[in-house]
Protein chains: 2
Amino acid sequence: MKFSARFEYALLALLYLKCEPDESPISGRVLSEKLSLPYRFLEQILTDLKKAGLVRSVRGYHGGYRLAVEPEEISLYDVFRVTEGKLEPYNCGEGENGDRCGQSHNMCVISSFYDDIKDTMTNLLKSYTLDKLCQASRNMGAPKAAPAANV
Amino acid sequence: MKFSARFEYALLALLYLKCEPDESPISGRVLSEKLSLPYRFLEQILTDLKKAGLVRSVRGYHGGYRLAVEPEEISLYDVFRVTEGKLEPYNCGEGENGDRCGQSHNMCVISSFYDDIKDTMTNLLKSYTLDKLCQASRNMGAPKAAPAANV
DNA sequence: ATAATTTACATCGAATCGATAGGAATTATG
DNA sequence: CATAATTCCTATCGATTCGATGTAAATTAT
């Protein structure tokens with residue numbers, strides 16, 4: 001029940017690309033230095049973000065990365081799916097384990113609870129967009145004030 | 001962002017203790033057979049549950065486990081804390097990493113988002129009690145119906 | 001005394017995770 | 001065309017976690 005470094009780094013990179021917009025694309029090297037993140041590792045993540053279509057990349061001399069989508073369109077749910085995989089913590093009935101609910105109704109109860117968790121998380125993640133987060137970042141004066149986006 | 005097997009096993013064990021109440025305590029061996037769970041591993045978990053005060057144990061010949069608290073009192077949040085540890089996915093300012101928000105406001109934005117996640121999860125976990133889950137299990141006729149507890 | 005049980009501790013194998021490294025492909029620039 | 005800068009692909013490493021097993025000691029009703 002923790003977020004991975006991948007998720008955090010992806011988020012920081014995307015926020016940087018959004019909040020510090022530039023004419024030319026920003027290279028992975030520069031990005032890693034600005035954010036104090038390990039270069040190679042960050043590029044792995046950027047590659048994943050690219051495959052998911054959240055980021056475009058330009059190769060070669062003045063190459064680098066930039067957002068591929070409007071920042072209102074990018075939600076943390078998108079980022080999550082790229083870095084953490086799918087959001088299905090329980091398999092009831094399908095999957096390699098077979099039908100586990102056949103054994104006991106308690107399994108099914110747990111399963112429906114997991115579904116609830118999943119839905120709640122999904123909605124919460126979808127409610128946060130890059131755009132909102134960036135605005136919140138600009139409004140940062142008080143260290144730990146507003147919850148930033150409570151719908 | 002997945003629940004561990006520990007959490008699931010603990011939940012199944014607690015549900016069994018609650019839903020199939022008995023005069024004498026239920027041994028770890030029996031529990032593991034009824035639930036088709038690995039014996040040793042389950043006992044590890046039961047030990048943890050005992051340390052947390054959710055379960056009582058009786059040693060010796062007719063020993064075994066039983067609930068230590070009223071099932072209305074046991075929430076999934078309690079179980080979560082035993083099996084998954086604490087629920088703090090981000091450390092902003094404190095901890096060994098030092099103050100990360102000093103570097104960039106984006107960090108603080110992420111941090112407040114993490115807080116939101118944490119609160120939401122906490123509330124959701126607290127809203128589920130053993131008692132509710134057990135009732136839902138009894139009402140199981142339709143395979144995948146009611147969300148069981150949406151407060 | 002014996003059998004059944006919890007309890008403590010040690011370890012194991014596999015998987016995951018964060019991170020690093022080398023090198024190939026691509027591209028602007030001179 | 002050559003070069004430097006960059007993305008991209010793949011392999012690997014070390015550490016940690018996770019699920020699980022094993023051994024042996026302490027406890028207790030019979």
Side-chain angles (χ1 to χ4, degrees), chain A residues 1-13 17 22-66 68 80 82-86 89 96-97, chain B residues 1-13 17 22-66 68 80 82-86 89-91 96-97:
Chain A
M1 196 50 51
K2 275 186 58 179
F3 286 100
S4 66
R6 278 191 146 79
F7 179 76
E8 181 190 332
Y9 294 174
L11 210 44
L12 285 172
L17 290 179
D22 202 340
E23 285 305 311
S24 54
I26 303 178
S27 79
R29 179 69 70 179
V30 168
L31 216 41
S32 78
E33 284 166 359
K34 292 285 187 185
L35 299 172
S36 311
L37 300 180
Y39 167 53
R40 298 283 191 183
F41 191 35
L42 182 59
E43 285 221 318
Q44 278 186 22
I45 298 166
L46 288 167
T47 299
D48 292 340
L49 290 175
K50 191 205 165 187
K51 283 179 187 163
L54 300 183
V55 148
R56 273 182 305 158
S57 74
V58 181
R59 279 191 164 189
Y61 204 77
H62 277 157
Y65 298 89
R66 58 176 60 175
F80 185 90
V82 173
T83 56
E84 315 265 326
K86 287 189 176 179
E96 71 265 13
N97 286 12
Chain B
M1 194 51 51
K2 273 187 58 180
F3 286 101
S4 66
R6 279 190 146 79
F7 180 75
E8 180 190 333
Y9 295 175
L11 210 43
L12 285 172
L17 290 179
D22 202 341
E23 285 304 309
S24 53
I26 303 178
S27 78
R29 178 68 70 181
V30 167
L31 216 42
S32 77
E33 283 167 359
K34 292 286 187 183
L35 300 172
S36 310
L37 300 180
Y39 168 52
R40 298 284 189 186
F41 191 34
L42 183 58
E43 284 222 320
Q44 275 186 26
I45 298 167
L46 288 167
T47 300
D48 292 340
L49 290 174
K50 190 203 165 188
K51 283 178 186 164
L54 301 183
V55 147
R56 273 182 306 158
S57 73
V58 181
R59 279 189 162 189
Y61 203 77
H62 277 156
Y65 299 89
R66 58 175 60 175
F80 185 89
V82 173
T83 57
E84 315 266 324
K86 288 189 176 180
Y90 207 75
N91 47 346
E96 71 266 13
N97 286 14

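Lettering follows sequence order; numbering is per chain, from 1.
Of the inter-residue distances, the one linking B:Leu31 atom CG with B:Tyr9 atom OH reads 13.0 Å to the nearest 0.5 angstrom. Atom CG of B:Leu12 and atom OG of B:Ser36 lie 10.0 Å apart (nearest 0.5 Å). Distance CD/B:Glu84 to NZ/B:Lys2: 11.0 Å, rounded to 0.5 Å.
Scanning both residues, B:Tyr65 and B:Leu17, for their nearest heavy atoms gives O-CD2, 3.6 Å. Between A:Pro38 and A:Ser32, the shortest heavy-atom distance links the atoms C-CB, 4.4 Å.
In summary, contact between chain B and DNA chain C, defined as any nucleotide atom under 4.0 Å from a heavy atom of the protein, begins and ends at C:dA3 to C:dA10 in the 5' to 3' direction.
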Grab the N/O contacts between the protein and nucleotides 20-24 of chain D below 3.5 Å, and write none if there aren't any.
unit_1, atom_1, unit_2, atom_2, d
D:dA20, OP2, B:Tyr9, OH, 3.2
D:dA20, N6, B:Gln44, NE2, 3.4
D:dT21, O4, B:Gln44, NE2, 2.8
D:dT23, O4, B:Arg40, NH1, 2.8

Exercise answer: donor-acceptor pairs, residues 40-50 of chain B side-chain atoms, under 3.5 Å, sequence neighbours excluded:
unit_1, atom_1, unit_2, atom_2, d
B:Gln44, OE1, B:Arg6, NH2, 2.9
B:Thr47, OG1, B:Glu43, O, 2.8

When the side chains of residues 51-61 of chain B are checked against the rest of the protein, which donor-acceptor pairs come out under 3.5 Å, sequence neighbours left out?
none

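At a non-hydrogen distance threshold of 4.0 Å, B:Arg59, B:Gly60 from residues 46-60 of chain B come into contact with DNA chain D.
Considering only heavy atoms from C-beta on, A:His62 stays 4.5 Å or farther from A:Pro25 through its side chain. B:Phe3 places none of its side-chain heavy atoms less than 4.5 Å from the side chain of B:Glu8.
Judged by closest nucleotide on DNA chain C, B:Ser27 is the one of B:Ser27 and A:Ser4 placed further toward the 5' end.
Counting to the nearest Å, the C1' atom of D:dC18 and the CD1 atom of B:Ile45 are 11 Å from each other. Taking atom CG of A:Leu31 as the reference point, atom C1' of D:dT6 lies 13 Å away to the nearest angstrom. Atom-to-atom, CZ of A:Arg29 to P of D:dA5 comes out at 11 Å; the value is rounded to the nearest Å.
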